[in-house]
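Structure first, then comments.
Computation of the quantities below employed the complete heavy-atom set of this structure, encompassing side-chain atoms and omitting hydrogens, waters and symmetry-equivalent molecules. We name chains A, B, ... by the order of the sequence lines, and we start the count at 1 in each one.
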Number of protein chains: 2
Amino acid sequence: MNNRFPQNFEGPPAVCEGCDARAVSVCSSIGDRELHRLAAIATVVDADPGFSFITEGDPADHFYNLTRGTVRLVKLLPDGRRQITGFGYRGDFLGLAVSSSYAFSAEAIEPVRFCRFPRRSLRRLLDEYPALEKRLLEVASNELVAAQEQMLLLGRKTARERVASFLLSLDAKTTCVHRGPAIILPMTRGDMADYLGLTIETVSRTVARLKKEELISVPRSDTIVLLDREGLEDLAAGNGEGS
Amino acid sequence: MNNRFPQNFEGPPAVCEGCDARAVSVCSSIGDRELHRLAAIATVVDADPGFSFITEGDPADHFYNLTRGTVRLVKLLPDGRRQITGFGYRGDFLGLAVSSSYAFSAEAIEPVRFCRFPRRSLRRLLDEYPALEKRLLEVASNELVAAQEQMLLLGRKTARERVASFLLSLDAKTTCVHRGPAIILPMTRGDMADYLGLTIETVSRTVARLKKEELISVPRSDTIVLLDREGLEDLAAGNGEGS
DNA sequence: CGAGGGTTTGAATTAGATCAACTCTCGTGG
DNA sequence: CCACGAGAGTTGATCTAATTCAAACCCTCG
């Protein structure tokens, strides 16, 4: 047992006790001491659906760690065309911008809670604890891999393949989204469309078709059960036979 | 003047002298001492166009620093559909995979030279020199921003907007690609198509149209001059007026 | 000069978008 | 309890940007 540290540094900080994201976020991969330092510079914030806590183009003053709820990451064109570059779930770390301004907006699509860290303070902490920086590099690398996968989807997959890929990737998020075997979609058809580079109508038709083909069932429009995972995986990988 | 280091650690390593990428790569942001350590674990490799030095799915045993030439980063679907997720230019750092296998292939499209680092050795160096890790996080963050921009392009931009965006991004790569005011394309129409989520024919027609509209001139099929940068920027940003 | 990549151009086709109507769900308030 | 309204979702008819199919047309290099 290690007793080099003062009493008050044993165990996690009070504010982190009972945090829904503790087990799944960057916080899980660092020691109590680092966690105390992190907690000391964090502000916990709650927000309602629709709240936009990062705005594309604004100065990138903060980092965020999402501890509850789901957000969408949005890029806009001047005429209103919208691309969702990703969704942030419980445990996700947001705001990794090197440049001085954010490259996307982040909007709550459910009631959310997050820890907000001033950029400068976190920067200082990172310099002090290389393990933290290391962990962030891992996070960034993983996101990069996901981004490349999404480019493949947007550039080369059909609507069916996109929807199948999306449902499987949601299903793989074991830490959220599920209720029993069912996936509870936190996002609307419009969000799905803007994430998959399709229109609302095409998403709706495609979901309807997967349902008719009995690859999925859709008890409610926001609830989806994967009935034939193998079939969906073939589809998502680009092996969809006929039509 | 700093003379804490042994004589042989003053100045850059011999192998880095005259390296075309010295000024533009990660190497530029570290000290001579780190550079010597890096050089000690590096193998310099030359390869011809077509050579595939990273293969999607293979164990990720090495990192690469490209010092000459251009590569394409490729993801494939089983039926041969291809998405190029990016191009690597002189100075670019490749192979940032956390997982045990590469998420894409990398293929030379020009004669290339690169430094190859065994993953384990570099990992050890990173632990020793946090500045290096920090630099890599910066690199990864920048790539992430670029990836998000590319998702917007693939998901929501028209063919004209995609080609205009691509030409401008090439033009911004001041460290390569240019001969005078002209851009010398290192890649084929097929590569452009697979990067932009289009077909060869659409790329060709779109370039022809931009030429007819006098936004660009195309003295040879691999050479492009931007005539109306502002017009192209409007287009790329999604402000393209009529048709 | 002829062969083989890469590129261009034209005509026909189509996946998905657009336009338009209708339905479902759910919360509010009379 | 039911009428109402608003937002989200579905479904159908039509349209179109980009693809596909097809046929030249370069260059470059042996």
Atom pairs, protein N/O to nucleotides 23-26 of chain D N/O, distance under 3.5 Å:
none

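Taking a 4.0 Å limit (strictly below) on heavy-atom distances, residues 195-203 of chain B reaches DNA chain C at B:Ile200, B:Glu201.
The ring-ring contact (aromatic ring centres under 6.0 Å, His included) check on A:Phe104 picks up nothing, with sequence neighbours excluded. Partners of A:Arg82 according to the side-chain hydrogen bond (donor to acceptor under 3.5 Å, both in side chains) rule, which considers only residues two or more places apart in sequence or in another chain, are A:Asp191, A:Asp194. The ring-ring contact (aromatic ring centres under 6.0 Å, His included) test applied to B:Tyr64 returns B:Phe53, B:Phe114, not counting sequence neighbours.
Look at B:Glu213 and B:Arg209 and you find a salt bridge, because one of the NZ, NE, NH1 or NH2 atoms lies within 4.0 Å of a carboxylate O, short of that distance. Of the charged side-chain nitrogens involved, at least one lies within less than 4.0 Å of a carboxylate oxygen, so that B:Arg81 and A:Glu161 count as a salt-bridged pair. Salt-bridge formation is detected for the pair A:Asp20/A:Arg68: a Lys NZ or Arg NE/NH1/NH2 atom is positioned less than 4.0 Å from an Asp or Glu carboxylate oxygen.
Distances shown here put every side-chain N or O of B:Arg205 at or beyond 4.0 Å from the OP1 or OP2 atom of D:dA18. When the side-chain nitrogen and oxygen atoms of B:Arg162 are compared with OP1 and OP2 of D:dA17, none of them lie within a distance under 4.0 Å.
Note: CG (A:Leu210) to C1' (D:dG9) measures 16 Å, nearest angstrom. Distance A:Leu185 CG to D:dT10 P: 10 Å, rounded to the nearest Å.
Where DNA chain C meets chain A (any atom under 4.0 Å from a heavy atom), the bounding nucleotides read 5' to 3' are C:dG16 to C:dC26.
When side chains are defined from C-beta on, A:Leu73 does not count as touching A:Phe87, because their heavy atoms never get closer than 4.5 Å. For the pair B:Leu153/B:Leu196, a side-chain contact is recorded, criterion being any heavy-atom separation below 4.5 Å from C-beta on.
If you run side-chain hydrogen bond (donor to acceptor under 3.5 Å, both in side chains) between A:Ser165 and each of A:Gln150, A:Glu149, A:Lys157, only A:Lys157 comes through.
Crowding of A:Glu214 atom CD: a count of heavy atoms from other residues, nucleotides or ligands under 6.0 Å not exceeding 12.
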